[in-house]
Every structure is written in C-alpha cells, then in structure tokens.
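Below, all heavy atoms of this structure are taken into account, side chains as well, without hydrogens, waters or symmetry copies.
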Amino acid sequence: MSNKNYIDAYKKSSNSMNSVKSSHEIIRELMFHLANSMDKIVLDINEYKNNEFDSKNISKKELALKKSKNMSKSLSIIYGLQTCLDFDKSPEIAGNLFQLYEFARQKVISSFTKKDADGINQAITVIREILAGWQSIPLEERKL
C-alpha cells in the first residue's frame, strides 16, 4: 500500500469518527423519523378511504403494502425507543416514556387495523411533544 492509500484510509476513518452521533442525537433522529412514518400512515389511510389510489395509478395492493411498510417502520422505531430506556438511571422518567411509547404503539396498531387516522394523529401529537422536549435540552447537557 502506498503512502497516498494510507493517507486516504486515515482521512476516511477520521471523517467517520466525526460523523458519530451522541445518543441524544440518535434518539432525536429516531423520534423525528417515527413522527414522519406515522404521518405517512395517516396519508395512506386517507388515500385508501378516499379511493385516491385510482387517480394516482396505484393499486389497492400497492397502497396496502406502502401502508404496511410505514406501520412496520413505526413499530420498529417505537420498539427501539422502548428498549433504549434506562430504568436503572431514572426509573420514573423511563417508566413514563415507556407508557407514552406504548400508547403510541397501541394507537398505531388499532388505528391501522380500523383505518382510523384520528388515533394515529393522537399518537403523533404525543411523539412530537416528546421530541420537542428532547430538542429543548441545552447542548451542554447532551451527553454521549
């Protein structure tokens, strides 16, 4: 390997170290993606209810698959958020967050089944409130 290759490899590893995110940033990003995927479920449900798939040249099956994908993504993120909670450090906060995430999970499941956008919108409101709380934490208090 030439010196240039070593230097390039070092630069790549150095750049990747700079892209490492704190746990705070990861949680914030997960919550942002959760709210977005839940928004997409609402859009999918409304398209389905309003038969908009015909005008968009999308079959019912394609719309159902898209809706299922967004639901799976939402449930996976909620599960990830629940499993990241540290019940040893702060059991009360972790317990409260777990219950809020569980509320969102139950709303996604029941609303998806019933094709009810209102229930998912309730869950989105809760998730966006938690996200706002995460975003309001001052930079100096955010830890790796």
Side-chain angles (χ1 to χ4, degrees), residues 5-144:
N5 291 346
Y6 286 119
I7 292 170
D8 289 342
Y10 174 76
K11 285 181 182 176
K12 286 180 184 174
S13 68
S14 179
N15 287 340
S16 67
M17 281 181 24
N18 292 335
S19 68
V20 172
K21 296 181 180 192
S22 70
S23 56
H24 180 277
E25 290 173 308
I26 292 169
I27 297 296
R28 252 191 14 235
E29 203 166 302
L30 282 172
M31 296 195 70
F32 175 78
H33 288 291
L34 173 58
N36 284 342
S37 66
M38 292 168 71
D39 281 335
K40 289 177 184 176
I41 296 171
V42 170
L43 292 173
D44 295 340
I45 288 172
N46 289 334
E47 279 182 10
Y48 189 85
K49 286 172 108 174
N50 299 329
N51 290 322
E52 291 177 16
F53 50 87
D54 287 334
S55 63
K56 295 183 178 183
N57 293 324
I58 300 173
S59 70
K60 271 188 175 182
K61 184 178 180 180
E62 289 172 318
L63 184 59
L65 287 172
K66 189 171 81 162
K67 190 172 64 164
S68 294
K69 180 182 171 190
N70 290 322
M71 179 187 158
S72 295
K73 183 177 181 179
S74 296
L75 293 177
S76 295
I77 294 172
I78 291 169
Y79 178 74
L81 290 168
Q82 286 178 316
T83 57
C84 289
L85 294 170
D86 190 346
F87 286 91
D88 294 331
K89 261 188 189 172
S90 51
E92 185 178 349
I93 293 171
N96 290 339
L97 284 171
F98 186 90
Q99 288 177 341
L100 291 169
Y101 295 146
E102 187 61 20
F103 168 81
R105 189 182 76 80
Q106 291 295 330
K107 286 293 184 182
V108 168
I109 292 170
S110 65
S111 299
F112 179 85
T113 305
K114 297 174 186 172
K115 295 176 184 61
D116 172 34
D118 292 337
I120 295 175
N121 281 325
Q122 291 172 6
I124 291 169
T125 299
V126 168
I127 295 301
R128 289 200 193 281
E129 286 177 20
I130 298 169
L131 178 57
W134 275 98
Q135 291 172 327
S136 70
I137 295 173
L139 279 174
E140 60 273 2
E141 292 183 28
R142 301 175 187 179
K143 298 178 184 173
L144 288 175

Measure the spacing between [atom1] of [X] and [atom2] of [Y] and express it to the nearest 0.5 Å.
X: I78; Y: L30; atom1: CD1; atom2: CG; result: 11.5 Å
X: L131; Y: E29; atom1: CG; atom2: CD; result: 11.0 Å
X: I120; Y: D44; atom1: CD1; atom2: CG; result: 9.0 Å

Please name the residue in the list I27, L100, I130 that meets the side chain to side chain contact (heavy atoms under 4.5 Å, CB included) test with L81.
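One option only clears the test, and that one is I27.
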
Name the residue from N36, I41, L43 that meets the side chain to side chain contact (heavy atoms under 4.5 Å, CB included) definition with N70.
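Only one option passes, and that is I41.
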
Measure across [X] and [Y] and return the closest heavy-atom pair with its distance rounded to 0.1 Å.
X: W134; Y: M31; answer: CD1-SD, 3.6 Å
X: S68; Y: F112; answer: OG-CZ, 3.7 Å
X: S74; Y: L34; answer: O-CD1, 3.5 Å
X: I45; Y: A117; answer: CG2-N, 4.1 Å

Return all side-chain donor-acceptor pairs below 3.5 angstrom for residues 89-99, not counting sequence neighbours, or 'none' if the list is empty.
{"unit_1": "N96", "atom_1": "ND2", "unit_2": "E92", "atom_2": "O", "d": "3.3"}

Any side-chain heavy-atom pair from I127 and Y101 closer than 4.5 angstrom?
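Heavy-atom side-chain distance check passes, below 4.5 Å.
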
Is there a side-chain contact between K40 and K66 (heavy atoms, below 4.5 Å)?
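SC-SC contact between K40 and K66 ruled out.
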
Has F87 got more than 12 heavy atoms of other residues, nucleotides or ligands less than 6.0 Å from its CZ?
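Yes, CZ of F87 has more than 12 neighbouring heavy atoms, counting only those of other groups under 6.0 Å.
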
Would you say F32 has more than 12 foreign heavy atoms packed within less than 6.0 Å of its CZ?
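12 or below, so no.
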
Electrostatic pair R128:D39 at N-O distance under 4.0 angstrom
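Here R128 pairs with D39 in a salt bridge, since their nearest N and O are under 4.0 Å apart.
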
Could you go through the side chain to side chain contact (heavy atoms under 4.5 Å, CB included) check for K115 and K67 one step at a time?
CA-CA 10 Å; K115 295 176 184 61; K67 190 172 64 164; 3.7 Å; yes

With D116, which residues qualify under salt bridge (Lys or Arg N to Asp or Glu O under 4.0 Å), at least two apart?
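In terms of salt bridge (Lys or Arg N to Asp or Glu O under 4.0 Å), with neighbours along the sequence ignored, D116 is linked to no residue.
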
List in chain and number order the residues that pass salt bridge (Lys or Arg N to Asp or Glu O under 4.0 Å) with K73, two or more places apart in sequence or in another chain; answer none if no residue qualifies.
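K73: no salt bridge (Lys or Arg N to Asp or Glu O under 4.0 Å) contacts found.
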
Give a yes or no answer on whether the side chain of S111 reaches the backbone of V108 with a donor-acceptor pair at less than 3.5 Å.
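Here the side-chain-to-backbone pair does not exist.
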
Given the rule in the side chain to side chain contact (heavy atoms under 4.5 Å, CB included) test, do N121 and M38 qualify, once you have shown the distances and angles that lead to the verdict?
CA-CA 8 Å; N121 281 325; M38 292 168 71; over 6 Å; no

